**Student:** 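Take this structure first; my questions come after.
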Amino acid sequence: MSSHPIDFLIIGNNFATPEMRAIWSEENRLRQQAAVEVALARAQGELGVIPPKAAQEIADRAQPQALQLSDIAQLAAQMKHSFMPTLTALQQQCGPAGEYLHYGATTQDIVDTATILQLRDALGIIRRDTVGVARALRQLAERHQHTLMVGRTHGMQALPTTFGFKVAVWLDEFLRHLTRINEISPRVLTGNINGAIGTNAALGDQGPEVERRALALLGLACPTIGWQSARDRLSEFASLAVLISGSLGKIGNELYNLMRTEIGEVEEPFSAGKIGSTTMPHKRNPAAIEGLASLTAPVRHSAGLIFESMHVEHERDAMSWRAEWLALPEICLYLSAQLQNAQGILNGLTVNSEKMRANLDIQAGLLLSERVMFEAGKTLGKQTAHHLVYTCAMTAFESGRDFKSVLAEQPEIAGAISGADLDSWLDPARYLGSAVEKVGDVLRAADDSQLLERV
């Protein structure tokens, strides 16, 4: 029986993907822990720390998939230890060679290194899907490089821009996220097999080489010194996850607002049979977009638990460590759902360019007050022009008249500019600044970076 929405059959995929759920399953946790034990035995067999024959027996006979989780759980309740029951079960599988299992290691060596193996697979999915989001953003930015829309500040109409410019800002953000993933991977994907307090005392001079060889067999980096009491690697990953999730949540919130009935500039993918409301048949709610935005807070709060784990008592304790067992899977699970959801939304997004263009005109020219001020200021002086244009703008706003008519009635402005100039200045398509060029810059940066190549 499931007791967490992550594992619910009906709504579970709103919170995690099956692929990521499999990585953080109890079965896979056991498999990765067994893989660390086998790699340790092989390394020790190569160096003669344990008999090579015993090492081979361990490698051949350790079969975590054959173990019964229910039996291990029952033994855990008796032993009051998180790993010893697993070790006991593996030892029984290996027969006499099992005496050499876990030789010179401590529980945290195995659990931490196995966790990094899980995180390696999780990070591969996160990178792949972050690339997928970036590709979708690139396509949108290129397609709508010239699509006019209103730029808003403080929730209010500000100046004309293009939808491609808005999306290119997001794309640029995701290029940085991909760079961050590449940068942190060597630091984060580092194992740790060095004994009770990290000094390799049980294995003496051979300890560092055992660690190096075992981690090489697992495909992980070897630490300069043990990190049982230094949890910054996982906090660095959590920080990156929060950044990616934060960007996704921001995009979701922006699309949510642009999809409002009164704005109507975008719509999330709609399929036949999709229900918006159990009582209002007309509703086409932003369900996917809401799901995208909703998961940023859980990721952020789970990351807070990871940061708490940096506070370690002496050389090791389980108080902060256990928080990682809760928070690290949740971060990866929630983020996986966000990344998958975002790709579906962005690849199927309906962009209503006609409504975007119509929304540019709802203030009857007021959107271009800045341009009128600067252009008139070339003749009248900037501060004088600001005062005059401000007065006209407030009159137009409060009276509900179009901005051009009010400007034309202002003697100082009417005497300094022609009606043709005013028409030109009030055209939103002629006041985009470098928006179109900047989209091109981001598109070229995406292509030149090679970050969007297939993974």
Side-chain angles (χ1 to χ4, degrees), residues 17 19-20 23 119-147 149 161-189 219 236-255 258 266 268-269 288-289 291-293 295-296 299 331-351 353 434-455:
T17 62
E19 184 180 31
M20 188 65 81
I23 288 175
L119 186 56
R120 179 178 62 188
D121 293 342
L123 193 55
I125 291 172
I126 290 169
R127 182 180 185 276
R128 181 200 69 197
D129 288 348
T130 301
V131 169
V133 170
R135 285 180 185 147
L137 290 171
R138 193 208 176 284
Q139 291 175 358
L140 274 176
E142 184 174 38
R143 188 180 308 136
H144 296 284
Q145 187 172 6
H146 300 273
T147 301
M149 72 173 298
T161 185
T162 73
F163 186 60
F165 184 87
K166 181 187 290 289
V167 175
V169 172
W170 301 340
L171 172 58
D172 196 42
E173 205 167 339
F174 270 82
L175 295 178
R176 293 193 293 277
H177 292 327
L178 286 167
T179 298
R180 292 179 180 112
I181 290 174
N182 292 340
E183 288 173 347
I184 74 164
S185 292
R187 290 191 295 273
V188 171
L189 302 181
E236 184 174 19
F237 166 75
S239 299
L240 173 59
V242 168
L243 290 175
I244 297 172
S245 179
S247 294
L248 292 168
K250 177 190 68 175
I251 291 171
N253 187 71
E254 180 71 9
L255 295 177
L258 294 180
V266 302
E268 70 174 39
I289 289 172
L292 178 62
L295 287 177
T296 293
V299 170
I331 289 170
C332 295
L333 289 162
Y334 298 145
L335 184 55
S336 73
Q338 278 190 296
L339 287 165
Q340 283 285 309
N341 191 12
Q343 290 176 81
I345 292 168
L346 294 170
N347 285 320
L349 189 71
T350 296
V351 177
S353 58
S434 58
V436 172
E437 291 76 13
K438 282 298 179 181
V439 174
D441 290 345
V442 174
L443 295 175
R444 283 188 292 275
D447 296 339
D448 293 344
S449 69
Q450 300 182 333
L451 289 169
L452 305 191
E453 292 183 351
R454 297 214 168 262
V455 292

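Not measured: the values here are computed from a predicted model.
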**Student:** Give, for atom OG1 of T162 and atom NE2 of H146, the distance between the pair rounded to the nearest 0.5 Å.
**Tutor:** 8.0 Å
**Student:** Go through S185 and L123 one step at a time and tell me if the side chain to side chain contact (heavy atoms under 4.5 Å, CB included) criterion holds.
**Tutor:** CA-CA 8 Å; S185 292; L123 193 55; 3.5 Å; yes
**Student:** Once rounded to the nearest 0.5 Å, what's the spacing between atom CD of E183 and atom CG of L240?
**Tutor:** 10.0 Å
**Student:** Checking R138 against D447 for the side chain to side chain contact (heavy atoms under 4.5 Å, CB included) test, could you report, in this order, the C-alpha distance in whole Å, the side-chain angles of both residues, the deciding distance, and whether it holds?
**Tutor:** CA-CA 9 Å; R138 193 208 176 284; D447 296 339; 2.9 Å; yes
**Student:** Is R444 salt-bridged to D441, going by a charged N under 4.0 Å from an acidic O?
**Tutor:** yes
**Student:** At their closest point, which heavy atom of A288 faces which heavy atom of N341, and how far apart are they?
**Tutor:** O-ND2, 2.8 Å
**Student:** Any Lys/Arg nitrogen of K250 or E254 sitting under 4.0 Å from an Asp/Glu carboxylate oxygen of the other?
**Tutor:** no
**Student:** Are I125 and E19 close enough, and set up right, to give a side chain to side chain contact (heavy atoms under 4.5 Å, CB included), and what steps lead you there?
**Tutor:** CA-CA 9 Å; I125 291 172; E19 184 180 31; 3.4 Å; yes
**Student:** Say you draw a straight line from CH2 of W170 to CG of L346; how long is it, rounded to the nearest 0.5 Å?
**Tutor:** 7.5 Å
**Student:** Hey, is the main chain of A241 close enough, under 3.5 Å, to the side chain of S245 for a donor-acceptor pair?
**Tutor:** no
**Student:** So with a 6.0 Å cut-off around NZ of K438, is the heavy-atom count from everything else above 12?
**Tutor:** no
**Student:** Could you pull out the closest heavy-atom pair between R120 and G219, with the gap in Å?
**Tutor:** NH1-O, 3.3 Å
**Student:** Working to the nearest 0.5 angstrom, can you tell me the gap between R176 CZ and S449 OG?
**Tutor:** 12.5 Å
**Student:** Would you check if L171 and L443 make a side-chain contact, meaning some heavy-atom pair closer than 4.5 Å?
**Tutor:** yes
**Student:** Measure across M20 and S336 and return the closest heavy-atom pair with its distance rounded to 0.1 Å.
**Tutor:** CB-OG, 3.5 Å
**Student:** So do L248 and F174 actually touch side chain to side chain, heavy atoms under 4.5 Å?
**Tutor:** yes
**Student:** What verdict does the side chain to side chain contact (heavy atoms under 4.5 Å, CB included) test give for I244 and V299, after you've listed the backbone C-alpha separation in whole Å, the side-chain angles of each residue and the deciding distance to 0.1 Å?
**Tutor:** CA-CA 10 Å; I244 297 172; V299 170; over 6 Å; no
**Student:** Counting C-beta onward and ignoring hydrogens, is there a side-chain heavy-atom pair between L175 and L452 closer than 4.5 Å?
**Tutor:** yes
**Student:** Mind listing the closest non-hydrogen atom pair of L295 and Y334 along with its distance?
**Tutor:** CD1-O, 3.6 Å
**Student:** What distance separates L137 CG from N347 CG, expressed to the nearest 0.5 Å?
**Tutor:** 9.0 Å
**Student:** Is a donor on one side and an acceptor on the other found under 3.5 Å between the side chain of Q145 and the backbone of V439?
**Tutor:** no
**Student:** Do T296 and Q338 have side chains that approach each other closer than 4.5 Å (heavy atoms only, starting at C-beta)?
**Tutor:** yes
**Student:** Report yes if the side chains of V351 and H144 come closer than 4.5 Å at any heavy-atom pair, otherwise no.
**Tutor:** yes
**Student:** Can you see whether Q340 engages T17 through a side-chain donor-acceptor pair at a distance of less than 3.5 angstrom?
**Tutor:** no
**Student:** Search all heavy atoms of V442 against all heavy atoms of A168 and return the closest pair with its distance.
**Tutor:** CG1-O, 3.6 Å
**Student:** Which pair of non-hydrogen atoms, one from F237 and one from I331, has the smallest distance, and what is that distance?
**Tutor:** CE2-CG2, 4.1 Å
**Student:** Go through the side-chain N and O atoms of R127 and N182 and say whether any donor and acceptor fall under 3.5 Å apart.
**Tutor:** yes
**Student:** Hey, could you give me the CG/NZ distance between L255 and K166, rounded to the nearest 0.5 Å?
**Tutor:** 9.0 Å
